[in-house]
Protein chains: 2
Amino acid sequence: MTLDARKKNVLMAIVQDYIATAEPVGSRTIARKYKLGVSSATIRNEMADLEEMGYIEQPHTSAGRVPSDQGYRYYVDHLMKREEFDSKEAKLVLNSYLTKKQEIGHVLRNAGQLISQITNYTGVVMTTSLGRGSLKHIQLVHMGIGQSMVVVVTDAGAVHHRIIDIPETIQAADLETITKVLNHKLQGKTIENIRLTLIKEIYFELAKQKYILDMAMDVIQEGLSLETGEKIYLGSIFNILNQPEFHNIEKVKVLLSLLENEQELANIMSDVFQESGVTVRIGEELEDGRLKDYSLVLGTYRMEGKPAGSIGLLGPTRMDYARAFAVVEYMTDNISMVIERLMRWRSK
Amino acid sequence: MTLDARKKNVLMAIVQDYIATAEPVGSRTIARKYKLGVSSATIRNEMADLEEMGYIEQPHTSAGRVPSDQGYRYYVDHLMKREEFDSKEAKLVLNSYLTKKQEIGHVLRNAGQLISQITNYTGVVMTTSLGRGSLKHIQLVHMGIGQSMVVVVTDAGAVHHRIIDIPETIQAADLETITKVLNHKLQGKTIENIRLTLIKEIYFELAKQKYILDMAMDVIQEGLSLETGEKIYLGSIFNILNQPEFHNIEKVKVLLSLLENEQELANIMSDVFQESGVTVRIGEELEDGRLKDYSLVLGTYRMEGKPAGSIGLLGPTRMDYARAFAVVEYMTDNISMVIERLMRWRSK
DNA sequence: GTTAGCACTCTCCCAAATTGAGTGCTAACA
DNA sequence: TGTTAGCACTCAATTTGGGAGAGTGCTAAC
């Protein structure tokens, strides 16, 4: 499993050249471009060995070699030189979230787009469950005769709202009363807490408004549990089409059909999710067959020190991993920082 | 400018055949498939005339003819037989918006997707200014020490929120007081009303909280004016890739670069916007050069009888206009109805 | 005014030939 | 024993050339 120095050099050359050119790379190219001090014949021998070991493959006889998933894996784990990423523009964008405070969703959406722009791959961002959400505030707003809006604010900073129909006799003042009771009884409670005992009390207190309460409870429940569901933000898809692998439409279709299905994407990303650091899944390591030619590089952003979501990118297996790692690392760090500040109240 | 009956028939045959097959259509095909009672030679003569008049074009000598933008235009205006669209599934989806009441944004997003699915073109939905929004409710929620959330509800049913930093000395009770004053003074007011005189009163009343008020006013302003901006919802992009014209990637790229830029798309759609009925802009009639091979079919959905937004689809000029019209008409009618019901309070 | 017939044009497709990049193997060399 | 030069071989990609087919425009006859 361990490779001698020269094999490492050859593999590195192959991976780097293929990343740069997207063309299968031959022994002569390596001998010429990467001065390894040996002839192409020697390199051919090494390549034969590497192929046997599974690190590289030949699309067909008489073509150059291409790294296999395993080859990329070895490259990422042992050969790649880590880089630092830093960019004035990125910094500007990120700072703008802080000076003009933004909604979290907005921040994450833009983060995804930023990654797409920077890398020409597709940025992906996923929020994970923020744990059980608890109710911070509920408000019933009288919109007009017969309709009311229920607004739910959770301690995670999410706002959920819906219009409900109400009896026409209900006045704004009635809604205010209900609002008061609900807040008094339910503030700080999680969905389980609510279910268990409190409801009866409230129904007792507001017996006349049973219908409205039913609706309101519904919205509360939705607001508190929706939170738990994963949410996905995609960067631009356009950018990744600049990659030469997308010369044929079928690939575009496959990718799009997957990216447009939020649920599937969420599942895939959840599989990759890990506590800390930057992870990569290469080609077939991603369990979904449609992604066999893609790699997913994901980092974890945090809140209160706890993982709060993934941020990363999806690109062809032939991607610039060093740069991808650097960008993802940069973004996770910064987004963690931004979120921490936007939601300072949670971290004391 | 007016065509005799036979020319009309020939043009109609060409348009219909091209729509169905995406292949240039020749004189023999027409003679064979569409029994016009004349030979292919006669049709050739007619076609020569039609070409001279600008209704059809030849990709190259010895290819069949293809309708020009002008040809499609004539077809749409004079030849096309209007159809009715009706679908069980669509009805189901639309009804689900009503039984389980949904947020408007959610309804519109899904409407776009529904169109994409039904037609294999790309559904587009745009909300236009709902006129000056007025403030329905404002709420300051204490999130924790030093931070508060401002929630703004407008009479259009939109909810806008943001986290703001507040002095650490401020308690939940203080925020409640501010909330009360703000609601008392500002409810029902539009952004202009607010600016003019009221602010001073409020600042006077709540002199100590100047800082918070500044932030809150900011959020209010944002909430009320954001409303005015157009918002775009796109259906699935995947579906349109099934159209044969997308065999080459460049087209996909051009389309995507445009679709991903909300602002540009909004401009284009605004140009097409019209008070009532279903409109179509064909190819070069759309001013944007990138859309020269596309047509946009748009309808207007309404609220309180007034136009509230556009809903329609974008597809290749070679699209099934009859069906597109029918679907768009169906969707505008239904979405108007759904929105009317969801926002019943506005229409009395 | 309509039609049959025909020469002409142009694309598309196929097969054969050519090119060129790259390999594997072998024999010689250090 | 590891390295290298050389060479035969393979295979995809490109080029070439020749139909085949679709379609047109024109003309002369009906």
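Residue numbers begin at 1 in each chain, while the letters A, B, ... track the order of the sequences. Note that these values count all heavy atoms, side chains included, but never hydrogens, waters or copies made by symmetry. Keep in mind it's a predicted model, so treat the numbers as computed, not measured.
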- Can you find a donor-acceptor pair, distance only, under 3.5 Å between B/Ser62 side chain and C/dT9 base? yes
- Message: Nearest whole Å is fine: how far is D/dT24 P from B/Glu57 CD?
- Response: 15 Å
- Can you check the B/Ile43 CD1 to C/dT2 C1' distance for me, whole Å? 12 Å
- Taking only N and O in the side chain of B/Arg32, is any of them less than 4.0 Å away from OP1 or OP2 of D/dG23? no
- Message: Nearest whole Å is fine: how far is D/dT3 C1' from A/Leu36 CG?
- Response: 14 Å
- Look at the side-chain N and O atoms of A/Thr61 and state whether any lies under 4.0 Å from the OP1 or OP2 oxygen of D/dC11. yes
- Note on the structure: Atom CD1 of B/Ile30 and atom C1' of D/dT24 are separated, to the nearest Å, by 13 Å
- Give A/Ala41 one of three labels, base, sugar-phosphate or nothing, depending on what nucleic acid heavy atoms sit under 4.0 Å from its own. base
- Query: Can you check the B/Glu46 CD to C/dT2 C1' distance for me, whole Å?
  - Reply: 11 Å
- Message: Classify the ring geometry of B/Tyr74 against B/Tyr55: parallel below 30°, tilted from 30° to 60°, perpendicular beyond 60°.
- Response: perpendicular
- Query: Any donor-acceptor pair under 3.5 Å between the side chain of A/Arg28 and the base of C/dG20?
  - Reply: no
- Respond yes when some side-chain nitrogen or oxygen of A/Ser39 is under 4.0 Å from OP1 or OP2 of D/dT4, and no when none is. yes
- Let me know the distance between CZ of B/Arg65 and P of C/dC10, rounded to the nearest Å. 14 Å
- Within the pair B/Thr42 and C/dT2, is there a side-chain N or O less than 4.0 Å away from OP1 or OP2? no
- Side-chain donor-acceptor pair present, B/Ser295, B/Tyr321, cut-off under 3.5 Å: yes
- Please check if the side chain of A/Glu260 supplies one atom and the backbone of B/Ile237 the other of a donor-acceptor pair under 3.5 Å. yes
- Message: Check the phosphate of D/dA22 against B/Thr29, side-chain N and O only, distance under 4.0 Å to OP1 or OP2. Yes or no?
- Response: no
- Item | Spacing between A/Asn45 atom CG and C/dG22 atom P, to the nearest angstrom | 17 Å
- Roughly how many Å is it from CZ in A/Arg6 to C1' in D/dT3, rounded to a whole number? 8 Å
- Message: Any carboxylate oxygen within less than 4.0 angstrom of a Lys/Arg side-chain nitrogen, looking at B/Arg65 and B/Glu57?
- Response: no
- Message: Looking at A/Glu83 and A/Arg323, is there a salt bridge between them, counting it only when a charged N and a carboxylate O are closer than 4.0 Å?
- Response: no
